[in-house]
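Lettering follows sequence order; numbering is per chain, from 1.
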Amino acid sequence: MSNFAERIIVWQQQHGRHNLPWQDAGAYGIWLSEIMLQQTQVSTVIPYYLRFMATFPDIGSLANASEERVLALWSGLGYYARGRNLHRAAKIIADQYQGVFPRLYEQILELPGIGRSTAAAICALAYFERRAILDGNVKRVLSRYCGFSGWSGEYLNLLWLQAEALLPNHDIACYTQALMDMGATLCKRSKPACSACPVQQSCHAFLTGRIAELPTPRPRKSIPVKDCHFLLLLHGDDILLEKRPEMGIWGGLWCMPQFDDMQALESWCAGLDMGSHLDKHGKSCFKQYPSFIHTFTHFKWDITPVIRLVNRKPKPTQKTEHIWMNILDAEKSAIPTPVRKLLQHLN
DNA sequence: AAGACGGGGTC
DNA sequence: GACCCAGTCTT
């Protein structure tokens, strides 16, 4: 038994977080929380988690829901493939496991959206199995504690080995939560509270003065800015939305028709039965609004909203699905954050 | 092995 | 504005 584990288990009992809504929620709640917590912080997740559990209190109700309703509850969280995978996994559990969350690590790992770390977290927290996790928090804690630098695959392999070597033989759920809570509240990326750390005395980075440089930040590439135009086609209180393809940005979500430039937007409109784009004064019916920037992981979008009021509702005949929706209803639908902002602006 | 995939928080 | 965060999936 490592001294490391003993110390952080004691720390967890005294200083860890014990009131998170998914603690003692069973495998389903722990699974849901772990998926939401991928790349997303606790304070952001909590309201989403509570709403989700209130709407889908068990795996069966989640499996029976439409993907539409699941994504609507996920709207604003980002990484929407997580929501789609969660829904797919719920259907698999309903079909293959009678709606009961599987008990074995190998079965859990097979489910869509669950990788090595999440499967281990569920097994440790829900089933008290002795398994190592390695998420962003644990990577930071162990990189510092062990003094590992780098970002390569070999570095990750070493961290996994250490994560397994340091596991205790008891209190595995407490230990797992301790690693996450320490990373979130003590061993932060900047200005970590080393003076309050239970393993300061044996932390390699602390003892060698390398806290600030570990873990090694991965080299960032400069991200490109792309222009695009959103068409806000309005008929009274109704707006035309289209369903985005499953793969790619905002997969499966509803969004205004999007174009690379004004010319593509106008020629698309020309194919629809909405009359001339010139009014009786010979001026364009398209009204451009100030653009705004939306940042993704790997590029930025400079979005120009273009409003066009129409007297009738043209029906696009593309392969992609379109729908005319009341603006207030649209705000409750499966839409990404910039679309939500635009809709709220219309009110 | 590297790139794709969101959004909010922090400094 | 740059950087970070309870990763997984695709290519």
> Applying side chain to side chain donor-acceptor pair (under 3.5 Å) to A/R82 and A/Q39, what does each step give before you reach the verdict?
CA-CA 11 Å; A/R82 293 183 299 173; A/Q39 313 297 87; over 6 Å; no

> Side-chain contact, heavy-atom cut-off 4.5 Å: A/M262 with A/T304?
no

> Which residue in the set A/Y80, A/W301, A/W74, A/Y79 passes ring-ring contact (aromatic ring centres under 6.0 Å, His included) when paired with A/W250?
A/W301

> Specify the separation, in whole Å, of atom CH2 of A/W74 and atom C1' of B/dG7.
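Going from CH2 in A/W74 over to C1' in B/dG7 covers 13 Å.
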
> Determine the sole option in A/I92, A/I122, A/L111, A/L109 for which the side chain to side chain contact (heavy atoms under 4.5 Å, CB included) test with A/P102 is passed.
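Per the side chain to side chain contact (heavy atoms under 4.5 Å, CB included) rule, the option paired with A/P102 is A/L111, out of A/I92, A/I122, A/L111, A/L109.
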
> Determine the contact category for A/R82: base if any of its heavy atoms lies under 4.0 Å from a base atom, sugar-phosphate if only primed atoms, P, OP1 or OP2 are that close, otherwise nothing.
nothing

> By the 4.0 Å heavy-atom rule, please label A/T118 as base, sugar-phosphate, or nothing.
sugar-phosphate

> Separation of A/E34 atom CD from C/dG7 atom C1', in whole Å?
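To the nearest whole Å, that distance equals 11 Å.
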
> Considering only the P atoms, how many Å lie between C/dT11 and B/dG6, rounded to the nearest integer?
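Pairwise P distance, C/dT11 against B/dG6, rounds to 15 Å.
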
> Answer with base, sugar-phosphate or nothing: what part of the nucleic acid does A/G183 contact at a heavy-atom distance below 4.0 Å?
nothing

> By the 4.0 Å heavy-atom rule, please label A/V45 as base, sugar-phosphate, or nothing.
nothing

> Could you tell me how far apart A/K226 (NZ) and B/dA4 (C1') are, to the nearest whole angstrom?
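About 11 Å, once rounded to whole Å.
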
> What contact category does A/R84 fall into here, base, sugar-phosphate, or nothing, at under 4.0 angstrom with non-hydrogen atoms?
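Answer is nothing: A/R84 stays at 4.0 Å or more from every strand.
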
> Tell me the interatomic distance from A/I223, atom CD1, to B/dG7, atom P, rounded to whole angstroms.
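It works out to 14 Å between those atoms.
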
> Less than 3.5 Å apart, any donor N or O on the side chain of A/E34 or A/W22 sitting next to an acceptor on the other?
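Side chains of A/E34 and A/W22: no pair found under 3.5 Å.
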
> Out of B/dG6, C/dA2, C/dG7, which nucleotide sits closest to the side chain of A/D135?
C/dG7

> Can you tell me how far C1' of C/dC5 sits from CD1 of A/I35, to the nearest Å?
16 Å

> Using only side-chain N and O atoms of A/R140, determine if any of them is under 4.0 Å from OP1 or OP2 of C/dC5.
yes

> Given atom CG of A/L156 and atom C1' of C/dT8, what is their separation to the nearest angstrom?
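For the pair A/L156 CG and C/dT8 C1', the rounded distance is 13 Å.
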
> Does the gap between the ring centers of A/Y145 and A/F4 come in under 6.0 Å?
yes

> Measuring only the P atom in each nucleotide, how far is B/dG9 from C/dT8? A whole number of Å is fine.
23 Å

> What residues from residues 334-346 of chain A pass a heavy-atom cutoff of under 4.0 Å to DNA chain B?
A/P336, A/T337, A/P338

> Pull out every protein N or O sitting under 3.5 Å from an N or O of nucleotides 9-11 of chain C, one pair per line with the distance.
{"unit_1": "C/dC9", "atom_1": "OP1", "unit_2": "A/G113", "atom_2": "N", "d": "2.4"}

> Evaluate A/E246 against A/R88 for salt bridge (charged side-chain N to carboxylate O under 4.0 Å, His left out), listing each step before the verdict.
CA-CA 13 Å; A/E246 299 283 313; A/R88 283 174 55 205; over 6 Å; no

> B/dG9 phosphate, OP1 or OP2: any side-chain N/O from A/Q41 under 4.0 angstrom?
no

> Give one of base, sugar-phosphate or nothing for A/L134, where a contact means two heavy atoms less than 4.0 Å apart.
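Since no nucleic acid heavy atom lies under 4.0 Å of A/L134, the category is nothing.
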
> To the nearest Å, how far apart are A/L37 CG and B/dG8 C1'?
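Rounded to the whole Å, the gap is 14 Å.
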
> Are any of A/T40's side-chain N or O atoms less than 4.0 Å away from OP1 or OP2 of B/dG6?
no

> Quick one: A/I108 CD1 to C/dT8 P, roughly how many Å, whole number?
13 Å

> Nearest to the side chain of A/S117, which nucleotide is it out of C/dT8, B/dG8, C/dC4?
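Nearest nucleotide to the side chain: C/dT8.
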
> Looking at A/H298, I'd like to know whether one of its side-chain N or O atoms comes within less than 4.0 Å of OP1 or OP2 on B/dC5.
yes

> Which nucleotide, B/dC5, C/dT8, B/dG8, lies nearest any side-chain atom of A/Q38?
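Among B/dC5, C/dT8, B/dG8, the one nearest the side chain of A/Q38 is C/dT8.
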
> Taking the six-membered ring of A/Y127, is the NZ or CZ of A/R103 close enough (under 6.0 Å from the centre) and on axis enough (within 45°)?
yes

> Walk me through whether A/E331 and A/K341 qualify under salt bridge (charged side-chain N to carboxylate O under 4.0 Å, His left out).
CA-CA 9 Å; A/E331 287 181 36; A/K341 284 181 185 168; over 6 Å; no

> Would A/M256 end up clustered with A/L265 when hydrophobic side chains under 4.5 Å apart are linked, directly or stepwise?
no

> Classify the side-chain pair A/D171/A/Q12 by whether it contains a donor and acceptor separated by less than 3.5 Å.
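Checked: A/D171/A/Q12 side chains show no N/O donor-acceptor pair below 3.5 Å.
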
